[in-house]
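Read the structure below first, then the notes.
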Amino acid sequence: MSILSGVRRHDGRLGDSITRPDGTAKVQGSFMFSGDLEAEHCLWGATLRSPHPHARIISIDLSAAWKISGVEAIITAEDVPGQLTYGLISQDQPVFASEVVRYVGEPIAAVAADHPETCRRALQAIVVVYEVLEPLTDPERALDGSHPPIHPDGNLIRHQRIVSGDITATGDVVVEGTYVIGMQDQAFLGLEAALAMPGPGGAGVDLYVATQWLHEDQKQIAACLGLAPEQVRLTLGGVGGAFGAREDISLQVHTCLLALRTGRPVRIQYSREESFLGHVHRHPATIWMRHHATADGHIVKIEARMVFDGGAYASTSSAVLINGVTHTQGPYKCANALVDGYAVRTNNLPCGAMRGFGVVQACFAHEGQMDRLAAACGLDPVEIRLRNAMETGDKLITGQPILNVAPVARCIRETAALPLPDEPVGGHDHDPMRLPGGAGRTADRRHIRRGIGFAVSIKNLMYSEGFDDYATARCRLADGVATLKFATAEVGQGFITIAGQIARSVLGVDDVLLDPIDTDVGSAGSTSASRQTWMSGGAVNAVCMKVRGLMFDSLAAIYGVDASTLSIEGRDIVDATGVFRITVVDATAGLSFDETVEFRHAPTEDLDENGQGNCHTAFAFVAHRAVVDVDPELGLVKVIQVATAQDVGRALNPLSVIGQIEGGIAQGLGLAVMEEIIMSNGRVRNPSFTDYLLPTFLDMPDVVISLIEEPDPIAPLGAKGVGEPPTVSSTPAIVAAIRDAIGKHIDRVPVRPIDIIG
Amino acid sequence: MSDPTVPDPTVPEPTGSVGFDELYQLNVNGETRDVRDAWVGESLLYVLRERLGLMGSKGACEQGECGSCSVMVDGELVCSCLVMAASAIDQPIVTIEGVAPIGSPSDVQQAFVDAGAVQCGFCTPGLIMATHALLERSAEPSEFEIREELSGNVCRCTGYGRIIEAVQRVSVSRRADAESGIAS
Ligand code: FES
Ligand code: FES
């Protein structure tokens with residue numbers, strides 16, 4: 001891809017493709033990830049987990065484990081001093097299971113010892129006697145009431161109906177399908193890790209942890225520890241990717257408890273297998289949709305039924321479900337709809353946030369439907385999408401109007417116009433390595449078929465349903481240097497890069513220092529929902545504007561200029577006449593301005609029982625086109641190219657935006673053709689990178705990108721979140737391309753060889 | 001709290017040629033380093049990180065699948081999670097810390113920063129090691145060769161596009177340097 005041939009590198013202002021402030025440390029191996037943190041006299045912690053998806057705990061015998069030399073603490077539910085359960089939306093998940101285990105991998109006890117190997121042996125020596133119960137693993141059985149409740153809160157986490165317009169309306173053309181989405185893992189590379197240090201004199205605990213939301217962790221940890229939130233101080237440990245999997249508590253409470261119990265620092269680091277069990281996943285879902293349309297392809301009505309398998313505990317399932325049902329129509333006009341969505345509890349792995357958050361599932365279904373509709377109406381897949389493309393002012397089936405810039409048709413047109421790959425079918429040079437499956441398989445060049453597929457999506461940004469969503473930022477400006485403080489979790493996405501760009505642009509400074517990311521400042525909310533550029537970016541912008549105002553006021557007082565006529569020009573402050581000019585460095589010499597701001601987006605509403613209400617904040621749009629080569633006899637797929645035009649509002653740092661787009665597409669490709677946590681009867685069959693396949697260099701195709709920059713007047717900097725949309729519709733585009741290649745409906749992801757052959 | 005006097009029959013004591021308290025030396029980044037109190041079951045990755053304090057090598061799978069732990073042992077790129085530390089005695093080991101002094105990144109390291117090849121950075125040390133090794137073997141790899149040769153290193157954040165760009169930039173600038181060297 002050549003988009004970067006002319007990388008814009010200026011002076012670190014907004015719109016410049018400057019590099020990351022932590023880049024050098026990361027390439028030199030000196031950047032400290034949470035798993036790299038050590039302390040003197042530090043112990044290792046480890047977690048005992050349930051081997052059963054559903055069982056009653058009869059007894060737990062710790063005596064043999066206590067006898068192992070080097071074991072310093074063993075804790076169970078009895079040792080939890082505060083609230084026994086936690087959770088992001090409802091507190092339904094035990095810190096340690098005490099009576100019943102509800103999924104394979106549920107924590108039962110934790111140990112602290114002098115060496116990871118000692119920990120492993122101690123865990124092995126703990127004897128738990130179980131009465132194995134029948135697991136509930138079929139989401140439909142959770143719904144039909146045929147299985148007794150597996151949790152006091154019942155087996156239904158949430159039902160939401162949407163009734164829109166005339167539900168008796170019908171169309172000339174009716175198409176339907178049932179779409180199945182497998183369980184995807186975020187598979188960040190930096191495994192869950194934390195270091196907890198007991199506070200001096202027993203005053204609370206300090207936790208260094210890789211997380212997406214320090215203050216939410218703090219609240220939940222403090223409740224379980226029976227401490228006041230300010231007694232639990234969190235600092236962001238270097239985060240090796242997140243993608244939603246660090247939004248929930250995993251090892252936080254356990255690590256703190258062990259440190260408080262032993263009076264010593266404790267580190268816990270999950271293994272890869274444990275990581276698969278120890279965090280929430282993308283919800284597997286089954287979605288039935290029926291579209292009614294006019295003969296010329298205009299959508300008349302959509303009916304849908306969605307079932308999201310939330311696994312054993314609620315996590316964010318209710319919010320994921322709302323995202324799913326409210327995005328039923330996709331980025332298309334639709335007046336009439338009847339949708340029923342269910343999030344259910346089973347003895348499968350708990351599911352929650354993953355990049356795309358419920359919209360990935362809905363999009364896979366609505367895009368499959370659009371292709372069916374195109375075929376039924378005799379239209380091209382691009383044309384049917386253009387005919388229905390949503391515009392600013394159109395309403396969702398929830399009645400919510402789209403107030404944002406909505407360049408859906410432009411995304412589609414620009415994607416369709418991007419160049420197709422020059423790679424011939426079966427790859428260049430007759431090199432067998434370039435065939436689907438590579439040289440290790442035996443794809444035959446003569447049988448390879450090429451396919452092209454399109455998909456388009458809408459994704460909500462920020463939090464929904466009345467949540468008080470805000471971000472805090474502090475700025476100190478002194479002697480020409482701005483220092484920013486925020487609790488925004490930098491997980492790799494690059495917020496720390498654009499924070500500096502915002503401060504430089506607003507304040508006219510070159511030097512921006514970033515204070516540690518910790519709970520010494522107010523919450524920034526979560527690094528999720530594509531929200532930090534808008535929210536924390538909005539907060540940094542607002543606080544810098546406030547500080548700039550103070551600086552202008554001080555100049556007015558000193559020089560008698562009118563503060564309201566002052567503005568920043570490069571590194572100078574000038575007045576409207578251009579007569580008065582002073583550098584920011586000179587203007588702030590010996591002075592210091594210090595402000596803190598909380599930034600909020602416009603409030604949102606709950607949905608009523610008919611699913612009506614302005615429940616979301618803002619929306620972004622994207623189109624994807626995929627080109628694939630398929631060997632229909634072996635069921636092998638090679639993705640040749642993905643092209644995309646994405647509505648980004650304004651690219652504050654084009655290099656970072658491209659990184660988000662390419663990385664998001666890689667995860668969409670993973671869901672399309674490779675990635676699935678395979679569960680059988682509640683047990684995970686592939687909790688390793690040997691068996692859970694991630695896209696490698698060889699799986700990723702060339703990506704061709706067009707950034708659609710129409711600054712959004714509602715967004716504080718004109719910029720929309722860019723992290724999730726690439727993941728949402730890249731998956732259905734790839735599947736559409738496979739369908740195109742083989743001429744057969746495939747309605748589940750990931751697409752397996754058997755789905756192609758069978 | 002623990003009672004070390006009562007041996008637990010269910011837990012076998014570690015055995016092996018290197019006991020828990022044996023001392024051995026590793027040659028890491030040109031220095032001879034003592035490894036004390038090690039257990040023979042420890043991987044090179046564990047010893048580098050936990051016993052020698054070289055935290056730059058990362059572990060993301062401990063199964064040889066991700067390449068985050070890549071180091072050079074006796075001139076070969078290896079997954080340090082799969083190598084027993086004690087088996088690397090007498091062989092020169094180079095880790096990410098040995099690539100370039102802090103603050104003076106190598107051309108590969110600088111290209112990764114400049115090209116936007118780093119997001120979370122967890123895969124990065126392993127990829128830097130693999131890229132140096134690749135460019136030693138093949139100074140001007142094609143894009144496909146880059147993909148093939150680096151396919152043992154997984155990155156979950158970037159989708160690889162900027163990493164390929166970084167490798168190509170190094171290749172181009174090394175060639176330009178070599179040519180101007182010949183010309184001058
Ligand atoms: S940690 Fe060694 S290859 Fe993954
Ligand atoms: S940058 Fe995060 S894994 Fe590569």
Side-chain angles (χ1 to χ4, degrees), chain A residues 1 4 17 19-20 22-24 26-33 35-36 64 66-73 115 117 121 124-125 187-191 238-241 243 271-272 431 433-434 491-494 655-656 658-659 662-667 688-690 694 696-698 700 703, chain B residues 1-4 6-8 10-11 14 39 41 49 53 55-63 65-66 68 95-97 99-100 102-103 105 109-110 112-116 118-125 128 144 146-148 150-165:
Chain A
M1 210 200 56
L4 285 180
S17 279
T19 59
R20 304 180 60 93
D22 58 8
T24 303
K26 283 178 172 175
V27 294
Q28 296 215 280
S30 58
F31 179 84
M32 295 299 267
F33 289 91
D36 300 333
W66 272 118
K67 289 175 185 153
I68 294 172
S69 168
V71 171
E72 298 291 339
H115 190 285
E117 178 61 18
R121 291 172 194 187
Q124 242 177 13
F188 46 58
L189 281 205
L191 291 157
V239 185
F243 317 118
S271 68
R272 181 54 60 183
D431 180 350
M433 288 302 295
R434 295 174 187 256
V491 301
Q493 84 280 29
L655 186 60
S656 289
I658 287 157
E662 291 179 331
I665 288 172
Q667 293 182 4
S688 74
F689 280 176
T690 308
L694 295 168
T696 69
F697 275 92
L698 285 170
M700 257 314 271
V703 175
Chain B
M1 276 179 280
S2 61
D3 185 353
V6 186
D8 177 54
T10 64
V11 181
W39 169 52
R49 288 175 53 84
M55 289 295 193
S57 306
K58 307 298 175 197
C61 73
E62 313 247 341
Q63 264 186 342
E65 295 287 348
C66 74
S68 312
T95 69
I96 186 72
E97 289 87 352
V99 167
I102 292 297
Q109 289 171 322
Q110 190 60 48
F112 268 59
V113 175
D114 293 342
V118 180
Q119 288 185 30
C120 85
F122 202 86
C123 65
T124 309
I128 298 285
F144 189 72
I146 295 170
R147 289 186 185 273
E148 180 66 26
L150 297 183
S151 64
N153 291 71
V154 170
C155 172
R156 188 55 160 167
C157 300
T158 64
Y160 306 107
R162 301 309 93 213
I163 299 175
I164 293 167
E165 166 83 15

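Each chain gets a letter, A, B and so on, in the order its sequence line appears, and its residues count up from 1. Every value quoted in this text rests on a predicted model; they were computed, and no experiment measured them.
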Min side-chain heavy-atom separation B:Cys155-A:Phe697 under 4.5 Å
no
Quick one: are B:Arg156 and A:Gln667 in side-chain contact, heavy atoms under 4.5 Å?
yes
In terms of heavy-atom contacts, A:Leu191 and B:Gly59 come closest through CD1-O, 3.8 Å
Is the B:Trp39 ring parallel, tilted or perpendicular to the A:His115 ring (thresholds 30°, 60°)?
perpendicular
What heavy-atom pair brings B:Arg162 and A:Ile658 nearest, and what distance separates the two atoms?
NE-CG2, 3.8 Å
Spacing of OG1 belonging to A:Thr696 relative to CZ belonging to B:Arg147, to within rounding of 0.5 Å
9.0 Å
Is it the backbone or the side chain of A:Phe689 that comes under 4.5 Å from a heavy atom of chain B, or both, or neither?
both
Contact winner vs chain B - A:Gly494, A:Ser656, A:Ala666, A:Gly659, heavy-atom pairs under 4.5 Å
A:Gly659
Looking at side-chain heavy atoms only, is the closest gap between B:Phe122 and A:Val239 below 4.5 Å?
no
Before you tell me yes or no, could you show the steps for A:Asp36 and B:Arg49 under side-chain contact (heavy atoms from CB on, under 4.5 Å), namely the whole-Å CA-CA distance, both residues' side-chain angles and the distance that decides it to 0.1 Å?
CA-CA 8 Å; A:Asp36 300 333; B:Arg49 288 175 53 84; 2.8 Å; yes
Between atom CD of A:Glu662 and atom CD of B:Gln119, what is the distance when rounded to the nearest 0.5 Å?
9.0 Å
With a 4.5 angstrom heavy-atom cut-off, is it the side chain or the backbone of B:Thr158 that approaches chain A, or both, or neither?
backbone
Among B:Pro125, B:Pro105, B:Cys61, which residue has the highest count of heavy-atom pairs closer than 4.5 Å to chain A?
B:Pro105
For residues A:Thr19 and B:Asp114, report the shortest heavy-atom separation together with the two atoms involved.
CG2-CA, 3.7 Å
Which bit of B:Glu148 comes within less than 4.5 Å of chain A, counting heavy atoms only: side chain, backbone, both or neither?
both
Compare every heavy atom of A:Gly241 with every heavy atom of B:Cys120, then report the nearest pair and how far apart it is.
CB-N, 3.3 Å
Engaged part of B:Ile102 at the chain A interface, taking heavy atoms whose separation is under 4.5 Å
both
Any donor-acceptor pair under 3.5 Å from A:Arg272 side chain to B:Ala60 backbone
yes
Rounding to 0.5 Å, atoms CD (B:Gln109) and NZ (A:Lys26) come to a distance of 14.5 Å
Between B:Glu65 and A:Leu694, is there a side-chain heavy-atom distance shorter than 4.5 Å?
no
Side chain, backbone, both or neither: which part of B:Val154 has a non-hydrogen atom closer than 4.5 Å to chain A?
both
Nearest heavy atoms of B:Lys58 and A:Phe31, plus distance in Å:
NZ-O, 3.9 Å
Minimum heavy-atom distance A:Leu189-B:Cys123, with the two atoms named:
CD1-CB, 3.7 Å
